[in-house]
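Here's the structure we're looking at; comments come further down.
No hydrogens, no waters, no symmetry mates; every other heavy atom, side chains included, goes into these values. Reminder, nothing fancy here: chain letters follow the sequence lines and each chain counts from 1.
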Amino acid sequence: MTAPIKYIDDDREAPRFRVNRSAMVDPDVFARERDRIFSKVWLYVGHETELKKPNDFKTRTVAGRPLIFARDKGGRIQVWINSCPHRGAMICREREGNARFMTCFYHGWSFNTSGQVVSIPGDTSYGADFERPGLTSPAHVDSYRGFVFISFNPDVEPLVDYLAEAKEFLDLVCDQSEVGMEVLEGTHEYSVKANWKLLVENSYDGYHAVSTHQRYFEMVVASGIELDAARLGDSIGVDLGNGHAASVGGPNTGGLFGRPLSEEALSEKSQRFDRFRTKYGEAWVDRMTGARNLVIFPNLVVIDLVMGVVIRKIDPIAPDYMEVTAWELVPPDEGPELKQQRLDNFLTFWGPGGLASPDDVEALETCQRSFASYRELPWSDVSRGMSSPVALGSDELQMRTWWRRWDLLVNGVEHEAEPHDPPGERFRGQRLELEAPAGTA
Amino acid sequence: MEFDVSVPRIEPVRSRAELRVGSVPTAEVRLFGLPRGAALLLCERGGLDTQAPELMNALAEHGYESLAVDLAELDLDDQGLLTAVHGLLGVLGEQGWSHDQIGVVGYGLGGRAALVAACDLVLGATVSLSPRAALEVDDPLVRSPWLAMFGEHDPDMPPAAVAELERRAAPAPEYAHLVVYPGVGADFFRASAGSLGHAAAFDSWQRVVEWLNIRVVPRPSPYAERWADRLQTSSAG
Ligand code: FES
Ligand SMILES: [Fe+2]
């Protein structure tokens, strides 16, 4: 009998943290992830503001399951499995739209957005007492400040508990609008020939920015921004519980990565933030002005570089292939100048045509190609910052936090959390208002 | 839209409706069996003779009974149009059709009436084709889903005006969708030999039917009614 494979080498003595690369290529690992992660935890499906009107819908895939994400006639958010209870055909084959009724094209059964079957062609053949099956929903659907999650696990813990300290980081993003943050129309969609976990790692990897995105930073410098190394380095890595983690910049690091704002936009922005200061208090707003890269376990990324908030959902398709969907979350109450510069910065950095995302894709795809040699070179090293009292944003605490959770769920191996000093005051300021934010589920 | 000769043709029954705003000529198509829904067709001027028979037959193919009317004979303001629509919905109501089982489809002045109705009433679906002076309707805050279609060369509604109307309809509680057909005028919905005209006529009719099919509440079959009753008693009990 062969010993079970060790996927994570978490050596606190050395200290050293390594990930076995077979985790990125092995179809059995992939199947276990489907079962033990994606069928068990909360998963992001979409944002409430994507569905503006009653009967608006979007079709999406989450954990391989085709879903209908809809607002019903009464305005409630609903999530349905996109499969006909009759004999299985996909009920809705549009990507998005507005419809009170969806008719299955196979035999013509028709359903409303509340999931009830409303007509069955030739229904007399079923007899008068036939139990008419409606649409099926995932075991749980819940939302936190507009972010809608589902779980296929009937016994999953409540969403607010699952989110743990990540809630606070969603609050820091959501508080940036007085009327509620809103997802813009249109999405970025791209695929990467690499294991999905590599993009999770990359999404809060502060270490790679300067080397991988050299071209981007040259452009930023050429546009007149002085890249202050001290401020760039002003960031920490934090473990938020349940596998969630973030790299978090100090005050005023959020705008560092974009082209400079115009005078007009700068003044509008400072006025907006002055209002926030009165409302939420200095300490909280200082935190709001920092950059943050957040990953909510397993596959939801929220990156807030203030110049633009990206929501990214990473979908594993095969061990060496993932699909990525990204949306931009904005404060709709911004003026046209600020909005224009935000959009411009966003598109320059992110997305399949941005100056940064393609670099990341290239980096991850070369990793995956080289993992063909995972037997000869089995380990990747993720130790950076393990021995530091405070983990920096450019360290690898975030990834280790994620991997430890992964090892627990997929392989049943428990790891202690990594001991570090608590982050400084600047990273802990709380919002003045004590009542729960609007929209809390 | 062209009429398919292989389908039997129904001759609409002509009559008049006595409304509070006056007497108007009507045409009616009733269906046997279990019709899917009802359509209220608000024709363009003179349309009861020219456009109604074709449209009513095409609606019947999709299971819709229809009541067509020409409101142009009366000189009505928006309030008058609304009163007229109320009266006509009452006629359909007497035949057992509830508001959410009715789609209102209007052309020209009728398109304006459909918009006014969409703002005031909760109906299954509403459609306006080249609605007359739609920009002058106060606030197009529709309470019924509203589809509006225009021709690019309609002097009454150039594309910029359509965009303005769309912007004003955005805060509405219900879904509104506006379409502009390129290279055609306000009569884009009439069959024409030119390729753009043909495409606009074909596509716009397709949209009317789809708009109704995914929104108008189907009349339940006796068994469906029984099922709904069972659901209600089980949720009440
Ligand atoms: S599979 Fe949907 S109606 Fe038969
Ligand atoms: Fe990157």
Side-chain angles (χ1 to χ4, degrees), chain A residues 49-59 68 70-76 85 91-94 96-105 108-135 179-180 182 184-185 332-333 336, chain B residues 33-37 62-63 98-103 118 122-127 140-148 166-167 169-179 207 209-235:
Chain A
T49 58
E50 292 179 76
L51 306 168
K52 294 200 166 45
K53 300 287 158 101
N55 301 316
D56 274 358
F57 68 86
K58 310 261 177 186
T59 49
I68 303 168
R71 197 178 274 286
D72 69 17
K73 178 77 185 141
R76 281 173 304 268
I91 291 157
C92 180
R93 293 177 302 144
E94 308 283 334
E96 59 181 13
N98 177 282
R100 184 167 179 183
F101 302 109
M102 306 193 190
T103 302
C104 178
F105 79 115
W109 287 27
S110 181
F111 305 86
N112 63 23
T113 42
S114 306
Q116 288 136 350
V117 58
V118 292
S119 68
I120 298 178
D123 66 353
T124 47
S125 309
Y126 284 90
D129 295 316
F130 178 59
E131 295 271 337
R132 298 176 174 231
L135 299 182
V179 298
E182 194 174 298
L184 291 182
E185 276 293 321
D333 40 347
Chain B
L34 183 76
R36 191 211 168 293
H62 292 276
S98 62
H99 280 190
D100 57 6
Q101 294 172 335
I102 298 172
V122 178
L123 299 161
T126 61
V127 184
L141 299 179
V142 292
R143 298 172 62 213
S144 302
W146 181 54
L147 169 65
E166 187 163 30
R167 199 185 55 70
E174 261 293 346
Y175 179 64
H177 187 64
L178 287 77
V179 176
R207 283 181 193 267
V209 172
E210 283 176 15
W211 191 262
L212 264 50
N213 282 346
I214 61 177
R215 292 183 176 81
V216 170
V217 173
R219 175 174 274 183
S221 68
Y223 280 10
E225 245 168 1
R226 212 168 138 145
W227 171 249
D229 286 348
R230 262 177 70 191
L231 281 186
Q232 208 139 49
T233 19
S234 70
S235 69

Examine whether an atom of A:Lys52 lies under 4.5 Å from a heavy atom of chain B, and if so say whether it belongs to the side chain, the backbone or both; otherwise answer neither.
neither
Where does B:Pro173 contact chain A at under 4.5 Å (heavy atoms): side chain, backbone, both or neither?
backbone
Using a cut-off of under 4.5 Å for heavy-atom pairs, which of A:Gly127, A:Gly97, A:Gly75 has the most such pairs with chain B?
A:Gly127
Below 4.5 Å from any heavy atom of chain A, which atoms of B:Val216 appear? Answer side chain, backbone, both or neither.
backbone
To the closest 0.5 Å, what do you measure between CH2 (B:Trp227) and CD (A:Gln116)?
10.0 Å
Which atoms of B:Arg215 are under 4.5 Å from chain A, going by heavy atoms: the side chain, the backbone, both sets, or neither?
both
Correct closest heavy-atom pair for A:Asp129 and B:Arg230 would be O-NH1, 3.1 Å
Distance-minimising heavy-atom pair for A:Val118 and B:Pro218
CG2-CG, 4.2 Å
Specify which of A:Lys73, A:Lys53, A:Met102 makes the most heavy-atom pairs with chain B at under 4.5 Å.
A:Lys53
With only heavy atoms counted, which part of A:Phe130 is less than 4.5 Å from chain B, the side chain, the backbone, both or neither?
backbone
What pairs with B:Arg36 under side-chain hydrogen bond (donor to acceptor under 3.5 Å, both in side chains), at least two apart in sequence or on another chain?
B:Tyr64
Any side-chain heavy-atom pair from A:Arg132 and B:Leu231 closer than 4.5 angstrom?
no
Can you tell me how far apart CD1 (B:Ile214) and OG1 (A:Thr103) are? Round to the nearest 0.5 Å.
9.0 Å
Please name the pair of heavy atoms, one in A:Ala128 and one in B:Tyr223, separated by the smallest distance, quoted to 0.1 Å.
N-CE2, 3.4 Å
